[in-house]
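In what follows, a structure is listed as structure tokens, so that the remarks can point back to it.
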Amino acid sequence: MLPASKVVPKELLPVLDTPAIQIVVEEVVASGITDITIVTSPGKGALLDHFAPHHELEQFLSERGKHDLLQTVRKTSTMARISAVEQSRPLGIGHAVLQAKDAVGDEPFAVLLPDDICDCARPCLRQLMDVAEERDGPVVALMEVAAAEVSKYGIVAGTQIARRLYRLTGMVEKPPPDKSPSRMAIIGRYLLPPEIFDILADARPGHAGEFQLTDALLELGRRRHLYGYQFEGTRHDMGDRLGFLTAQIAYGLRHPQTADKLRSYLASILS
Ligand code: G1P
């Protein structure tokens, strides 16, 4: 997403009026989790600023009687308990997750990659939590992708055991199409047990020389049953031009202030 993400962290690029990271935090809160740790990297302080109170702006909006906007701004700093840890070097998602070990402690937790916006009637994370509670095991979100796209994702092998539900037997990070175990891709939503931290601490670099969460999941799957759930909803990849656009259109067609005019506009240019 360069040059847009040169100065503005890509997680703050918006869908309509709301930064991607806030949409992901809202999904977490709607799923019933209120303690959130954001793994940041150097130069991404604005991410945390977004969730801090902005007293001058709040006072300004209050004095002008703009109560709706005041609520909108206040919500960003009150909707969850947000803490941060810094990943000082970009060594991969597995390494990023390991930085949150102390913040998480000894209990199951969720990982959400904010590039992935999951537009679902029931929050994607909640869908996974329901499976995890029923099966008492770790779960990742799955989505079927085109054969030509498999090399962009972690791809799983597994056996279907219920509607949308797979027991995973293998996985590989970004395989070439001719070596892919399936077309089922891992999407950036994971429900994990704390033992993943020990696996990550012992991990070796994998694909692209980075510490891959996918590799740690493979090891976790050797120790206990691991599940994949083909979530109900649509995923938009905010790190991709097309995904960025489809997110704007999907949300724009629902927002009361944009839906009708956007629909007419799209109809006019497509006819
Ligand atoms: C990451 C994960 C990959 C997963 C993808 C989902 O890749 O490593 O396994 O399929 O997110 O978006 P990234 O998109 O960071 O390259």
Fill in: Contact summary for Pro90 and Glu210, nearest pair of heavy atoms
O-OE2, 4.2 Å
Item to complete: Would you please test Met184 and Ile155 for side-chain contact (heavy atoms from CB on, under 4.5 Å) and show each step?
Response: CA-CA 6 Å; Met184 277 296 186; Ile155 301 289; 5.5 Å; no
Item to complete: Any chance you could lay out the salt bridge (Lys or Arg N to Asp or Glu O under 4.0 Å) test for Asp130 and Arg122, step after step, and finish with the verdict?
Response: CA-CA 11 Å; Asp130 290 347; Arg122 202 158 53 96; 2.5 Å; yes
Worksheet entry | ILVMFWY network linking Val104 to Leu220, side-chain heavy atoms under 4.5 angstrom | yes
Worksheet item: If you measure from CD on Gln257 to CG on Asp17, what distance do you get to the nearest 0.5 Å?
Response: 8.5 Å
Worksheet item: Taking side chain as C-beta onward, heavy atoms only, is His207 less than 4.5 Å from Asp215?
Response: no
Worksheet item: Taking NZ, NE, NH1 and NH2 as the nitrogens, is one of them in Lys10 or Asp115 under 4.0 Å from a carboxylate oxygen of the other?
Response: yes
Worksheet item: Distance from Gln248 atom CD to Leu16 atom CG, nearest 0.5 Å?
Response: 6.0 Å
Worksheet item: Should Lys75 and Glu26 count as an ion pair when the cut-off is N to O under 4.0 Å?
Response: yes
Fill in: Value rounded to 0.5 Å, distance of CZ in Phe109 from CG in Leu192
4.5 Å
Worksheet item: Are Arg235 and Asp237 ion-paired here, with the side-chain N under 4.0 Å from a carboxylate O?
Response: yes
Worksheet item: Do Arg135 and His225 get their side chains close enough for a donor-acceptor pair, meaning under 3.5 Å?
Response: no
Discussion item. Is there a side-chain contact between Ser62 and Gln59 in this structure, where contact means two heavy atoms from C-beta onward sitting under 4.5 Å apart?
Written reply: no
Practice prompt. Report yes or no: is the cationic atom of Arg254 (NZ for Lys, CZ for Arg) closer than 6.0 Å to the six-membered ring centre of Tyr251, at no more than 45° off its axis?
Written response: yes
Worksheet entry | Electrostatic pair Glu27:Arg189 at N-O distance under 4.0 angstrom | yes
Fill in: Thr18 side, atom OG1; Leu13 side, atom CG - distance, nearest 0.5 Å
13.0 Å
Worksheet, complete the sentence: Here the pair of heavy atoms bringing Val24 nearest to Pro114 is CG2-CA, 3.9 Å
Discussion item. Could you check whether any side-chain heavy atom of Phe244 comes within less than 4.5 Å of a side-chain heavy atom of Val15, counting everything from C-beta outward?
Written reply: no
Discussion item. Do Tyr166 and Val156 make a side-chain contact, defined as non-hydrogen atoms from C-beta onward lying under 4.5 Å apart?
Written reply: no
Worksheet item: If we ignore angles and hydrogens, is there a donor and acceptor under 3.5 Å between the side chains of His95 and Gln99?
Response: yes
Fill in: Point-to-point distance, once rounded to the nearest 0.5 Å, from CG of Asp106 to CD of Glu195
10.0 Å
Discussion item. Test your reading of the model: is there a side-chain donor-acceptor pair from Ser180 to the backbone of Pro177, 3.5 Å cut-off?
Written reply: no
Item to complete: Find the distance between CD1 (Ile117) and NE2 (His236) and round it off to the nearest 0.5 Å.
Response: 8.5 Å
